[in-house]
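Here is the structure we will look at, set down as structure tokens.
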Amino acid sequence: MRANSLVREPEIQKIWDDNQVYKRVVDRNNGGNFVLHDGPPYANGDLHMGHALNKILKDIINRYKLLQNYKVHYVPGWDCHGLPIELKVLQSLDQDARKDLTPLKLRAKAAKFAKQTVQNQMTSFKRYGVWADWSNPYLTLDPEYEAAQIEVFGQMAIQGYIYRGRKPVHWSPSSRTALAEAELEYPEGHVSRSIYAIFRLVNAPTTSSGLLEEFFPDLCLAIWTTTPWTIPANAAVAVSAKLQYAIVEVQSLSGDASLSAGNKKQRLGNILKESKKPFLIVASDLVPTLEAKWGVKLIVKKLLSGSDLENFRYIHPIDNRECPVVIGGDYITTESGTGLVHTAPGHGQEDYVTGLKYGLPVLSPVDDDGKFTEEAGQFSGLDVLGDGNVAVAKYLDEHLSIVMEESYEHKYPYDWRSKKPTIFRATEQWFASVEGFREAAMNAIGDVKWIPPQSENRISTMTSIRSDWCISRQRTWGLPIPVFYHMQSKEPLMNEETINHIKTIIAQKGSDAWWYMTVEDLLPEKYREKASDYEKGTDTMDVWFDSGSSWAAVLGKRNGLSIPADLYLEGTDQHRGWFQSSLLTSVATRGKAPYASVITHGFVLDERGLKMSKSLGNVVDPRAVIEGGKNSKEAPSYGADVLRLWVSSVDYTADMMIGPQVLRQMSDIYRKLRGTLRYLLGNLHDWRADYAVSYHNLPKIDQHALFQLENFTMNIKVSYEKYQFFKIFQIIQRFVIVDLSNFYFDVAKDRLYVGGTTSFTRRSCQTVLAAHMLSIVRVIAPLLPHLAEDAWQNLPFHYTIEDGSIAEFVFESRWPTLNETWLAFPTKEIGFWTKVLELRNEVNKVLEVARGEKLIGSSLEAKVYLQTSDTSLASRLCEMCAANNDADTLHRIFITSQAEVLPSLVNELISRIPFSGECLIQGQNKVWIGVSRAEGSKCERCWNFSPQVGSFLEHPTLCSRCYNVVGVQPIPAVAVTS
């Protein structure tokens, strides 16, 4: 076993590839299918640590299932459509090239880019040691995939779940397309220009009985908004029926106005400078807050309920329309603002819902670039997020409609690709009506096993409150929505026949056909006479609909796969992404979730718990971890298995940290583990299966070691089954690196190296070491496949599996079979050996004191004395001193030359023992421990001290054990060198 993982790991991967080991194991296994369905990474750049974590977690699970005799079907996938890839293509072209770019040329370049990225990412995934059906991945741009996606869309459309509507959607002016919730991010530090504006009431409903007559015509509604640019689209002001409102008189406070004027974050409006100020309506609970904020005195003149204000009418502050006061929903609170909400159904989801209730107009005078249209009058052509916002606020203030303007920092949606702010904008889009199957989706969530369990709450909440899914995008690189529009009426033509016809075409020719084929050819036979009346739609599908159809395109179409998948495993952000889009498409068409279990993992952070970013310089690149960075001292090459060991060490259900220090720790643990396997291999170099000592003839120390090994294997299996890999890491570290090395291996050296090559104690020890080798290498194989395979290829003996064939590779060997005999080690013996191990630790403490005082150097220079009033314990310890086999003797356990159990503590004897101590074993058995120099002389062969050294004329420097070994074994020939 060579140490250079940078060279050795690729060699092992080549062995796997040349021998098609993954396929061999899958073909041979007969324990049923296991399908982990791969969530497709996006094909637009290099991999980061999150990708590595995700794929390695999946590989650990798949490899464990292979050892458990499952036929593991793992098809890797890639998400290949969408805006990010389109932008990469456009960024690579100069202005002239962009002018000549037809949709088909753009699509060809995008496909080429995506396919090249897939190859690059695939190479990296393979280097992580990930096994998959790499020769048959799924790409969302493949014609057969696209056809299956069209089929899902068609089924939803036929059931009435797909509709076209003019509704407000997240719109990215920078990308000129609608966005899904999952395509948004909410960066810290966004500051909006917020305003407190007033709208003058002009009309009371006939039912009001003169309720507010005394305050007319100087009565205004006070609203607060962080988007002044939406005021031109205002259609109503919403109040809450649950809140109490106050009519307040505004009185200036001397001196305070100038204070506010000097505050750059706040600016008082011109209305407060007027001598006569209007009465305002605000939520009564907010009167003290608004007094403090505006720097005025608000005198409450009258109180009334929100429902009293319904159907009052006000004059729109810009275009003099009359608009109503309406009752809104639970979104109206007194946490901020005034308790009255400016309502623009064309620019907000809640506003839209309220608008439907009251039949409000859906105004949205904003174009694809985020600029005001001519419908916005004087603001036409201005950027709503820039000068348009400023112009609206300025106009309102000039017309005495602003009380205060202030900067407001809050969470605001940004386009996750362009990193620029988005807007809510009403456009004609295609939607999936989630309301139509929400209850079925909620029921399906309950049928799935969620790991960790709290993730069920997350997706349940998101699904229960989500609005209808906007599935159309205004881009070229994607799967077209298969719809035709009548050129005169603009009515869409889309039915089962047209969808199936297009599905057939796309399955044969790919989605490019939508662009290069005529309407006549794209329509079924019966519609061709009217083809000239129709035009093709230009919208493409949301990429979340692409990936959300993978259950149908992959699980539903490929041999060996089935729906539902046994497992989906992705990051926690996929509760609003792939987990949800897959759930919705599957429930809408099949009534069930596409997965039986779902595992979510957190995000990877740096060692300080900070998000990784190039600007902070804290990015940990998985490739650099494996192959090393530019500076080999600061960033050495660790190999894939050290990276995999880190993945196994973290609790992936929360956010995880990685960095240089963490990797050094992992590397140290990996080296110790590798050292353990080398120790085992080295001591089994001359081992054959027929040398094995039967269990009942083994020394007690060996039987106890096998009992511990069986427990180790069982505990690890339990953790694999629960997907708790960090517990496996802890168990391996404790058992292999601590327990074995510190006790069994330490004690075993004497009988392995000294007792004679064919001695009973050596063969019994090798029997145990062989069992450990075969178990440890297999239980670590899912985590550290390269190390496990390297050890397996260096086994000095063959391992035969149940069918009589030889396991040439570690994953052909299957999981270790449960050994009931080893587990049946008597409870009384388990308790006794627990005491012995504890006693050994206490003896070592006294030996350390003796060493510190220069009485001894090596522990073999010592004799240990024990005394306990516990007769049962004393009796067992005496038996060990006189054990028939050398392996179970007490002094071998302590690695001293002699050990003696004293019947009592006689002062005369104690005075001759220079070092002693007392301890409580298991908190109750009091034991006195003494240490003196060992009796006799040092044997030059085994370094044990014995009174017998000097008794043998032929070998006067040997003890009796070594004399017997040397006397019966021939002296090996020595090569003569000059």
Side-chain angles (χ1 to χ4, degrees), residues 40 42-44 78-90 101-114 139-154 156-157 162-165 169-172 174-183 368 415-418 425 427-432 468-485 492-494 498-499 502-503 505-507 509-517 519 522 535-550 552-553 577-578 581 585:
Y42 207 69
N44 76 324
W78 274 269
D79 211 344
C80 300
H81 286 140
L83 176 64
I85 293 169
E86 193 171 320
L87 289 179
K88 288 264 177 139
V89 170
L90 292 172
L101 203 60
T102 63
L104 280 168
K105 284 181 181 176
L106 172 60
R107 287 175 60 83
K109 288 180 182 295
K112 183 180 177 184
F113 176 86
L139 311 186
T140 60
L141 55 68
D142 288 338
E144 61 270 25
Y145 188 103
E146 293 179 326
Q149 184 178 333
I150 291 285
E151 187 177 339
V152 171
F153 175 88
M156 290 178 70
I162 304 291
Y163 69 92
R164 185 164 173 80
V169 294
H170 289 287
W171 183 271
S172 171
S174 54
S175 300
R176 302 183 87 249
T177 186
L179 297 178
E181 181 66 35
E183 295 171 297
D368 291 358
D415 182 331
W416 72 335
R417 298 300 179 185
S418 67
R425 171 183 176 234
T427 57
E428 289 282 344
Q429 299 288 346
W430 287 96
F431 296 88
D468 284 355
W469 176 10
C470 176
I471 59 170
S472 50
R473 295 291 178 272
Q474 290 64 53
R475 305 308 305 179
T476 302
W477 179 230
L479 182 64
I481 290 179
V483 62
F484 303 90
Y485 297 100
L493 170 63
M494 184 171 68
T498 63
I499 291 170
I502 291 161
K503 183 187 85 172
I505 291 170
I506 285 177
K509 303 182 178 186
S511 56
D512 277 357
W514 184 260
W515 277 266
Y516 68 72
M517 289 177 68
V519 172
L522 288 168
E535 60 185 356
K536 292 179 273 188
T538 57
D539 291 344
T540 52
M541 286 194 211
D542 174 18
V543 289
W544 292 107
F545 202 99
D546 286 20
S547 58
S549 304
S550 63
W578 189 56
S581 63
T585 53

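Being a predicted model, the structure only gives us computed values, none of them experimental.
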Determine whether the side chains of W469 and D542 contain a donor N or O and an acceptor N or O closer than 3.5 Å.
yes
Whether the side chain of E146 engages the backbone of G510 through a donor-acceptor N/O pair (distance < 3.5 Å, no angle test) should be reported.
no
Side chain to side chain, I162 and W430, heavy atoms closer than 4.5 Å:
yes
Do Q429 side-chain atoms and C470 backbone N/O form a donor-acceptor pair below 3.5 Å?
no
For residues M541 and I471, determine if any side-chain heavy atom of one lies less than 4.5 Å from a side-chain heavy atom of the other.
no
Within-4.5 Å side-chain heavy-atom neighbours: T540 and L479
no
side-chain hydrogen bond (donor to acceptor under 3.5 Å, both in side chains), that's the test. Do R107 and S511 meet it? Break it down for me.
CA-CA 10 Å; R107 287 175 60 83; S511 56; 2.5 Å; yes
Salt bridge flag under 4.0 Å for residues R475 and D539
no
Minimum heavy-atom distance between L522 and K536, given as atom pair plus value:
CD1-CD, 3.3 Å
Quick one about D546 and Q149 (side-chain donor to acceptor, distance below 3.5 Å, no hydrogens or angles considered), yes or no?
yes
For residues W78 and A43, report the shortest heavy-atom separation together with the two atoms involved.
CD1-CB, 4.1 Å
Any side-chain heavy atom of F545 within less than 4.5 Å of one from S581?
no
Give, for atom CD1 of I506 and atom CE of M517, the distance between the pair rounded to the nearest 0.5 Å.
10.0 Å
Heavy atoms, side chains only, cut-off 4.5 Å: are V483 and L493 in contact?
no
For G82 and V543, the nearest pair of non-hydrogen atoms, with its separation, is CA-CG1, 3.5 Å
Is a donor on one side and an acceptor on the other found under 3.5 Å between the side chain of S547 and the backbone of D79?
no
d(Q474 CD, T177 OG1) to nearest 0.5 Å is 4.5 Å
Between R417 and N44, does a side chain to side chain contact (heavy atoms under 4.5 Å, CB included) hold up when you go through it step by step?
CA-CA 11 Å; R417 298 300 179 185; N44 76 324; 4.0 Å; yes
Distance-only donor-acceptor check, side chains S172 and S174, under 3.5 Å
yes
Ignoring hydrogens and angles, tell me if any N or O in the side chain of K503 forms a donor-acceptor pair with the backbone of A148 under 3.5 Å.
no
Test: E428 and R164 ion pair at under 4.0 Å
yes
Kindly indicate, with the supporting measurements, whether the criterion side chain to side chain contact (heavy atoms under 4.5 Å, CB included) is fulfilled by F153 and S549.
CA-CA 9 Å; F153 175 88; S549 304; over 6 Å; no
Got P480 and W515 here, is their nearest side-chain heavy-atom distance under 4.5 Å?
yes
Of all residues at least two apart in sequence or in a different chain, which pass the ring-ring contact (aromatic ring centres under 6.0 Å, His included) check with Y516?
none
Counting C-beta onward and ignoring hydrogens, is there a side-chain heavy-atom pair between P84 and Y42 closer than 4.5 Å?
yes
Under 3.5 Å, is there a donor-acceptor pair between the side chain of W477 and the main chain of L106?
no
Search all heavy atoms of A114 against all heavy atoms of L141 and return the closest pair with its distance.
CB-CD2, 4.1 Å
One should read off an interatomic distance between S418 OG and L87 CG, to the nearest 0.5 angstrom, of 7.5 Å
I'd like to know if the side chain of W514 reaches the main chain of I481, judged simply by a donor and an acceptor atom lying under 3.5 Å from each other, with no hydrogens or angles considered.
no
Counting N and O atoms only, with roles assigned by atom type, does the side chain of T140 sit under 3.5 Å from a partner on the main chain of C80, one being a donor and the other an acceptor?
yes
Please report the interatomic distance NE2(H81) to CG(L139), rounded to the nearest 0.5 Å.
10.0 Å
Check R473 with E183, please: is the shortest side-chain N to carboxylate O separation under 4.0 Å?
yes
Minimum heavy-atom distance T585-G548, with the two atoms named:
OG1-O, 2.7 Å
Heavy-atom closest pair, residues A553 and Y145
CB-CD1, 3.3 Å
Taking side chain as C-beta onward, heavy atoms only, is D415 less than 4.5 Å from L83?
yes
